*Asks:* 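Could you have a look at this structure, given as structure tokens, before my questions?
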Amino acid sequence: MEFDTMKEISVRTTTHTQLVNITPQVAAALAELDPAAALCHVFVPHTTAAVVINEAADPDVARDLAAAYQAIVPKISFAHAEGNSDAHLLATLLGDSVSIPVENGRLRLGTWQGIFFVELDGPRTRRAWVTTV
């Protein structure tokens with residue numbers, strides 16, 4: 001029997017800088033992929049967005065991180081004409097992918113951990129690709 005090796009999930013953001021908990025969507029995508037997988041990889045194919053793992057139990061953490069990301073990059077005079085070089089810089093620092101161990105078809109995240117799509121130039125509708133190994 002052959003299984004899909006990748007699923008795409010859609011993420012709609014509503015503000016310029018926002019963390020969206022995509023753990024449920026990643027788990028749902030994982031359930032449709034190879035049940036023998038040992039690793040789940042989440043990749044964001046955007047240059048002004050990122051994906052991170054952090055605390056998902058308290059929504060204040062995501063709001064705090066979004067505020068901190070905005071504060072990290074002061075109003076620098078970037079040359080990029082679109083005016084979103086701050087988002088490009090933060091995406092580079094945060095990263096475009098995460099890998100999570102899989103056991104018995106389930107994500108093996110820590111007790112408080114969740115997978116977050118990080119919007120840095122929204123609002124937009126974005127994508128994340130979920131693959132397994």
Side-chain angles (χ1 to χ4, degrees):
M1 175 182 254
E2 291 204 22
F3 297 96
D4 289 339
T5 58
M6 183 176 76
K7 291 288 180 183
E8 181 174 292
I9 61 175
S10 179
V11 182
R12 176 76 182 126
T13 60
T14 58
T15 61
H16 182 271
T17 304
Q18 180 181 3
L19 278 80
V20 178
N21 186 343
I22 60 170
T23 309
Q25 295 97 313
V26 172
L30 178 63
E32 297 180 30
L33 299 172
D34 186 352
L39 192 65
C40 177
H41 188 78
V42 181
F43 173 78
V44 175
H46 303 286
T47 60
T48 58
V51 63
V52 299
I53 294 174
N54 212 301
E55 181 178 326
D58 181 354
D60 284 340
V61 172
R63 286 189 285 272
D64 290 345
L65 290 174
Y69 296 154
Q70 287 181 309
I72 285 173
V73 182
K75 293 297 177 194
I76 297 170
S77 179
F78 291 106
H80 183 50
E82 286 184 40
N84 62 353
S85 287
D86 59 334
H88 288 289
L89 173 62
L90 289 168
T92 301
L93 296 174
L94 295 171
D96 57 17
S97 65
V98 295
S99 294
I100 305 99
V102 174
E103 183 176 53
N104 298 322
R106 298 180 68 175
L107 296 167
R108 289 288 300 189
L109 290 163
T111 301
W112 309 112
Q113 288 181 321
I115 305 162
F116 289 88
F117 181 93
V118 183
E119 176 62 73
L120 299 164
D121 191 27
R124 297 178 186 232
T125 298
R126 304 284 203 150
R127 300 175 294 158
W129 296 336
V130 180
T131 58
T132 56
V133 179

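Because the structure is predicted, anything quoted here is derived from the model rather than measured. Here, residue 1 is the first one in the sequence, and each next residue gets the next number.
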*Asks:* Return all side-chain donor-acceptor pairs below 3.5 angstrom for residues 20-31, not counting sequence neighbours, or 'none' if the list is empty.
*Replies:*
residue : atom : partner : partner atom : Å
Asn21   : OD1  : Thr23   : N            : 2.9
Asn21   : OD1  : Thr23   : OG1          : 2.7
Thr23   : OG1  : Ile115  : N            : 2.7

*Asks:* Tell me the closest heavy-atom pair linking Phe116 and Asn54, and the distance in Å.
*Replies:*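 Closest pair (atom of Phe116, atom of Asn54, distance): CE1-O, 3.5 Å.
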*Asks:* Heavy atoms only: give me the nearest Thr47-Ala91 pair and the separation to one decimal.
*Replies:* O-CB, 3.4 Å
*Asks:* Would Ile72 end up clustered with Val118 when hydrophobic side chains under 4.5 Å apart are linked, directly or stepwise?
*Replies:* yes
*Asks:* Say you draw a straight line from OG of Ser10 to CZ of Arg126; how long is it, rounded to the nearest 0.5 Å?
*Replies:* 11.0 Å
*Asks:* Once salt bridge (charged side-chain N to carboxylate O under 4.0 Å, His left out) is applied, what residue pairs with a partner in residues 21-47 remain, sequence neighbours excluded?
*Replies:*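 Every salt bridge (charged side-chain N to carboxylate O under 4.0 Å, His left out) pair that includes a residue of residues 21-47, provided the two are not neighbours, is Lys7-Glu32.
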*Asks:* List in chain and number order the residues that pass salt bridge (charged side-chain N to carboxylate O under 4.0 Å, His left out) with Arg12, two or more places apart in sequence or in another chain; answer none if no residue qualifies.
*Replies:*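 Listed in chain order: nothing, the list is empty.
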*Asks:* What's the spacing between Leu107 CG and Ile53 CD1 if we round to 0.5 Å?
*Replies:*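 Going from CG on Leu107 over to CD1 on Ile53, the span is 9.0 Å.
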*Asks:* Which heavy atom in Val44 sits nearest to a heavy atom in Ala49, and how many Å separate them?
*Replies:* CG1-CB, 3.9 Å
*Asks:* Write out all pairs satisfying ring-ring contact (aromatic ring centres under 6.0 Å, His included) with one or both partners inside residues 16-36, taking only residues at least two apart or from two chains.
*Replies:*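 For residues 16-36: none.
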*Asks:* Return the set of residues passing side chain to side chain donor-acceptor pair (under 3.5 Å) with Thr13 (not counting sequence neighbours), or none when no residue passes.
*Replies:* Glu119
*Asks:* Kindly work out whether a path of hydrophobic side-chain contacts (I/L/V/M/F/W/Y, heavy atoms less than 4.5 Å apart) joins Leu19 to Ile9.
*Replies:* no
*Asks:* Test: salt bridge (charged side-chain N to carboxylate O under 4.0 Å, His left out). Region: residues 35-50. Which pairs qualify, not counting sequence neighbours?
*Replies:*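 Listed by first then second residue: nothing to list.
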*Asks:* Pairs in or reaching into residues 103-118: which pass salt bridge (charged side-chain N to carboxylate O under 4.0 Å, His left out), with residues at least two apart or in two chains?
*Replies:* Glu103-Arg108
*Asks:* Would Leu109 and Leu94 show up in the same hydrophobic cluster when neighbours are defined by side-chain heavy atoms closer than 4.5 Å?
*Replies:*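 The answer is no; the residues belong to distinct hydrophobic clusters.
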*Asks:* How long is the straight-line distance from OG1 of Thr48 back to CG of Asn84, given to the nearest 0.5 Å?
*Replies:* 6.0 Å
*Asks:* Tell me every residue that passes salt bridge (charged side-chain N to carboxylate O under 4.0 Å, His left out) with Asp58, counting only those two or more places apart in sequence or in another chain.
*Replies:* none
*Asks:* Got a sec, which pairs hit salt bridge (charged side-chain N to carboxylate O under 4.0 Å, His left out) with one end in residues 62-74, sequence neighbours left out?
*Replies:*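 Listed once each, the pairs are Asp60-Arg63.
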*Asks:* With Trp129, which residues qualify under ring-ring contact (aromatic ring centres under 6.0 Å, His included), at least two apart?
*Replies:* Phe43
*Asks:* Let me check something: do Val61 and Val51 share a hydrophobic cluster, defined by ILVMFWY side-chain heavy atoms less than 4.5 Å apart, either directly or through other members?
*Replies:* no
*Asks:* If you look at every heavy atom in Val130 and Cys40, which pair is closest and at what distance?
*Replies:*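 That would be CG1-SG, 3.6 Å.
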*Asks:* Give me the atom names and distance for the closest heavy-atom approach of Ser99 to His41.
*Replies:* OG-ND1, 2.8 Å
*Asks:* Can you list the residues that meet the ring-ring contact (aromatic ring centres under 6.0 Å, His included) rule with His88, with sequence neighbours excluded?
*Replies:* His80
*Asks:* Not counting sequence neighbours, which residues clear salt bridge (charged side-chain N to carboxylate O under 4.0 Å, His left out) with Asp121? List them please.
*Replies:*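 Salt bridge (charged side-chain N to carboxylate O under 4.0 Å, His left out) list for Asp121, sorted by chain: Arg124.
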*Asks:* Quick one: closest heavy-atom pair of Val42 and Ala128, and the distance?
*Replies:*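 Distance-wise, the nearest heavy atoms are CG1-CB, 4.3 Å.
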*Asks:* Is it the case that one hydrophobic cluster holds both Leu93 and Val73, taking links as side-chain heavy atoms less than 4.5 Å apart, direct or via other members?
*Replies:*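 Looking at the clustering, Val73 is in the same group as Leu93.
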